[in-house]
Amino acid sequence: MNVLELKDFNAYYGNKKIINNLNMAIKRNKITAIIGPSGCGKSTLLLSLNRMLEEVEGRTEGQILFNGKNIYSISKEEIRRRIGIVFQKPTPFPFSIYKNLTYAPIYYGVRDKKRLDEIAKGKLIISGLYEEVKDEIHASALKLSGGQQQRLCIARALTVEPEVLLLDEPCSALDIKNTANIEKMLLNLAKDYTIVIVTHNLSQAKRISDYTAFMLDGELIEYDETHRIFSFPKDKRTKEYIEGIYG
Amino acid sequence: MMKRIQSALFALWISVSCVLTIAAGLFIILYIFIKGFKTITWEFLLSNPGGIPIGVEGGIFPAIIGSLLLMLISIVFAFILALATAVYIVFYCESQRLENTAHVIIQCMAGIPSIVLGLFGYTVMVVSLNMGRSLLSAGLTLGIMIFPFIQVRIEKAFREFSKSVLNASYSLGVSKVYTIFRLILPQCRRDIVSSITLAGGFAMGAAAPIMLTGAVIFAPAPKALSSPVMALPLHLYILSNESISMEKSYATALVLIAILITINIFAITLTLWRKEVKR
Amino acid sequence: MRIGFDKAFIILIKVLTLFSLLLLSFIIIFVFKEGYIFFKEVPILKFITGTTWNPLSDPRNLSIFNIILATLYVSLVAIIIALPIGVGSALLLSGYVKERPRLIIRGLIDIIAGIPSVIFGFIGLMVLVKFFEKFFDFPSGESVLAGGILLAVMVLPYIISTCDETMDKLYRKHSPAAQAMGISKIYILRTIVLPQSLRGIVAATVLAFGRAMGETMAVMMVIGNAPIMPRLLGKCQTIPSLIALEMGMAEVGSLHYHALFAAGFVLMVILLMINVALYYVKRSLNR
């Protein structure tokens, strides 16, 4: 039932403690939203989950279990394949749309042209991008609009068939229409994937997530089903935050 | 009033400076073109030098071939080392101290005068390793000379690569090596090619390191790595310094400078193109 | 298979890097080794303070004080000429020239940097030396001054591009605010950009000085190559030109041969020091 489990988890940049003694379990095939003011450690938490924190020179203490196994006992390539991530700013590779989508599958040994075409097409359909770009999948990905780029990045993250998809404020740079597109897509994806989304946008969390975690100053304050968090917060700080006190 | 005069003097100084710089550059290029142009014929380009002393008659064919081959060897050697060093420093080196040391070393290598590199090539390759005065000895010596030049530019290109795109690649679970080959190298191709061509131009124009290690007054176009070679810069030096033939000196200089300007313009266009694409 | 390839690649990268970085020590060791044989015969102090270089006399006199002095002298003359012109050009480029023409001028400057030294030497021989002979009525136009002027043109591109890098940044940083107050470009350049780019200018000077000292062909063709006490309008001999000219005549293993390596070693040590200094100046620039 739990895909990811954090036990007595701490994270640091240098000597600065960013996450303090966090315990949390993330449920399979649900959308979990992490909310909290900027600097509360929610992005750091996300980066820890697939060991991307190492790339930005952070370090961790405590345990993260993925399907019951410590993520540090699995190679970082393997853990990242199985737990994908999409960042706040779209990061398309400077190649064609098609090459963006086949980049990782080729690494994992898919050589068959037909199979690659299928993967590319399939993931474009899932991300709702197919109809928009089907005639120009060999055009540069950099020519897409911001929202399209972000959906491409989600599609790209899915090309390696992860079990979990992490999203770090994926809509913060996008307009309402593109945000709606992405939210619709995420709701669809939740059937097959576990999704963890960090967001600033409370109404977004309310709209799409099953569970919501509220973080403040590196600590997990409250974690429950979304409707409970928003309707009957137990902690005073949660209540203040969702009422707009911290901004 | 005083301020006015100061400003005027300052303006005069900087404009005169710029005019002088541009004039010097144009003068050199135009002077060689005008003086050398009439001597350039197909025969000059495609025949061996002849006469006594050698070079009075005939052409510079073996020197053109020799210079191009020297450039090629030096580029290959320097590129392999420079690429490896840049990859290591940017993607694998974890100690800041080691990185700084490497930078000091490369800076120092860049500062070693080319004639001292010639001495090194001579004692190590020509004498100790018994490679003789040859295309290979001279080419490798030139390679050492241009190694820092290429390394610095490749490293800079790597560092300019967007960190977030790099992380996006790592986040797909692909390895660093795959990321380097599939994402970074293709994207830095233009910078790399431009740095190599520029460096090749430097290698081709250098006379000091090769006069001790492989370039000779006369040799036919080389057939093997162990043959001695003729090279344009050394040929020009001999023709002009010993007053063998001024006409042929101008023409040789023109050929050399024309090749180098072509190389330069190619490299500059590549860099400009890249900048436009980025925008 | 992929993991095997990755591992092999990483090992290859490490080996090649190690080799590249060790090259410097190879160069130092081998040049020193050949020079050391000479230093056993002639004490190093005598080598660099004695004034006579005559490999053909008996007993041989192999000291390079005059030659070191001339190497410094020619380079100094070059810097004195090139620095004001280079700094001035860089100022104009950073403040006045628009994007397009600027690229063209930078291109031309890159091309000057790419002109081989032997062509500079050739032009020096045909134009500069002839000019001195004609107009100043010298017995021969070959002189420290000719070498200095030639080197000045050669190091100009290095000075301009190093200065321009710093100045361009400064100008972009300060000009919007200053122009908003109605201050003229000239005034910004003179009172803000120029004084603030002092460190960049120092870096450029050190770089250019190093380049000038190591230059062989161009200098060799216009200084007359006489190992005497250098005077501005007289002939002289520099270390690189000494090596280039005499290496061909010196028999392998002879004292003369080792003396030339010793001279090369002295030159290299000077330049290594200059470049370590340059590294630290540059680093302080980037902070």
Side-chain angles (χ1 to χ4, degrees), chain B residues 7 10-11 13-18 20-22 24-25 28 31-32 80-81 84-85 87-88 92 102-105 107-109 111-117 119-120 123-124 127 144 147 175 177 198 201-202 205-208 211-212 233 236-237 240-241 249 253 256-257 260-261 264 268 272, chain C residues 5-6 9-10 12-14 16-17 19-21 23-24 27 30-31 34 84-85 88-89 91-93 103 105 107-112 114-116 118-119 121-123 125 153 156 160 186-187 190 210 213-214 216-217 221 240 243-244 247 252 261 264 267-268 271-272 274-276 278-279:
Chain B
S7 271
F10 182 83
W13 166 44
I14 65 176
S15 21
V16 168
S17 301
C18 212
L20 277 177
T21 306
I22 295 172
I28 294 168
Y31 180 78
I32 297 286
I80 293 173
L81 295 185
T85 310
V87 166
Y88 180 76
Y92 290 100
H103 285 149
V104 175
I105 289 178
Q107 171 77 57
C108 283
M109 277 180 84
I112 292 184
S114 58
I115 188 73
V116 174
L117 292 179
L119 280 178
F120 170 72
T123 167
V124 172
V127 178
I144 298 175
F147 157 76
S175 70
V177 177
L198 278 178
F202 276 124
M211 60 198 292
L212 305 179
L236 169 59
Y237 169 69
S240 60
N241 212 51
S249 299
L256 181 55
I257 222 173
L260 293 179
I261 289 180
N264 261 294
I268 293 168
L272 286 187
Chain C
F5 174 77
D6 283 14
F9 176 76
I10 293 166
L12 183 70
I13 289 288
K14 284 186 178 162
L16 288 173
T17 305
F19 175 75
S20 310
L21 297 181
L23 266 177
L24 179 70
I27 296 168
F30 277 99
V31 173
E34 296 293 322
I85 300 178
S89 305
L91 279 168
L92 190 81
L93 278 181
L103 284 175
I105 297 178
L108 181 70
I109 290 169
D110 284 347
I111 287 174
I112 302 179
I115 293 176
V118 68
I119 288 189
F122 176 56
I123 290 180
L125 198 65
V153 184
L156 208 48
I160 295 177
I186 273 286
Y187 196 74
R190 186 157 66 87
M213 281 189 68
T216 312
M217 301 308 288
M221 290 166 84
I243 299 170
M247 203 59 200
V252 176
F261 274 91
L267 177 67
M268 184 167 66
L271 280 169
L272 287 179
I274 289 179
N275 277 281
V276 172
L278 181 62
Y279 174 79

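Below, each value reflects all heavy atoms present in this structure, side chains not excepted, and no hydrogens, waters or symmetry copies.
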Side chain from CB out, backbone as N, CA, C, O: work out which of these in [X] comes under 4.5 Å of a heavy atom of chain B, or both, or neither.
| X | value |
| --- | --- |
| C:T216 | side chain |
| C:L24 | both |
| C:L272 | both |
| C:I105 | side chain |

Report the C-alpha separation of C:D110 and B:L198 in whole Å, then their side-chain angles, then the decisive distance to 0.1 Å, and conclude whether the side chain to side chain contact (heavy atoms under 4.5 Å, CB included) test is met.
CA-CA 10 Å; C:D110 284 347; B:L198 278 178; 5.9 Å; no

I'd like to verify something: which residue of [options] has the highest number of heavy-atom pairs under 4.5 Å with chain B?
| options | value |
| --- | --- |
| C:I119, C:L125, C:I274, C:L91 | C:I119 |
| C:L271, C:I112, C:I160, C:V276 | C:L271 |
| C:V252, C:L93, C:I243 | C:I243 |
| C:L23, C:V153, C:L12 | C:L23 |

Next item on the list: Just give me the residue among B:I80, B:I261, B:I22 that pairs up with chain C most often, heavy atom to heavy atom, under 4.5 Å.
Entry: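 The answer is B:I22.
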
Practice item. Could you tell me which of B:N264, B:T123, B:N241 has the largest number of non-hydrogen atom pairs under 4.5 Å with chain C? Key: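 Heavy-atom pairs under 4.5 Å are most numerous for B:T123.
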
Are the side chains of C:I27 and B:L117 in touch, meaning some heavy atoms are under 4.5 Å apart?
->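 A side-chain contact exists here, since the closest heavy-atom pair is under 4.5 Å.
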
task = Taking the side chain as every heavy atom from C-beta outward, state whether B:I32 and C:F122 have any atom pair closer than 4.5 Å.
result =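 B:I32 reaches C:F122 side chain to side chain.
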
Within a 6.0 Å radius of atom CZ on C:F9, are there more than 12 heavy atoms belonging to other residues, nucleotides or ligands?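 Above 12, so yes.
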
| task | Start with the C-alpha distance between B:T21 and C:I85, add both sets of side-chain angles, then the distance that settles side chain to side chain contact (heavy atoms under 4.5 Å, CB included), and finish with yes or no. | result | CA-CA 7 Å; B:T21 306; C:I85 300 178; 3.7 Å; yes

- Task: Verify side chain to side chain contact (heavy atoms under 4.5 Å, CB included) between C:V118 and B:L256, making sure each step is shown before the conclusion.
- Result: CA-CA 10 Å; C:V118 68; B:L256 181 55; 4.3 Å; yes

Which answer fits B:F202, side chain, backbone, both or neither, if we ask what part of it has an atom under 4.5 Å from a heavy atom of chain C?
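For B:F202, the contact with chain C is made by the side chain alone.
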
Which bit of B:I144 comes within less than 4.5 Å of chain C, counting heavy atoms only: side chain, backbone, both or neither?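 When you check distances to chain C, only side chain atoms of B:I144 fall under 4.5 Å.
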
*Only counting residues at least two apart or in another chain, list the ones meeting ring pair (Phe, Tyr, Trp, His ring centres under 6.0 Å) with C:F30.*
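C:F30: no ring pair (Phe, Tyr, Trp, His ring centres under 6.0 Å) contacts found.
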
For C:Y279, which residues count as a ring pair (Phe, Tyr, Trp, His ring centres under 6.0 Å) partner, sequence neighbours excluded?
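Once residues adjacent in sequence are excluded, C:Y279 has no partner under the ring pair (Phe, Tyr, Trp, His ring centres under 6.0 Å) criterion.
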
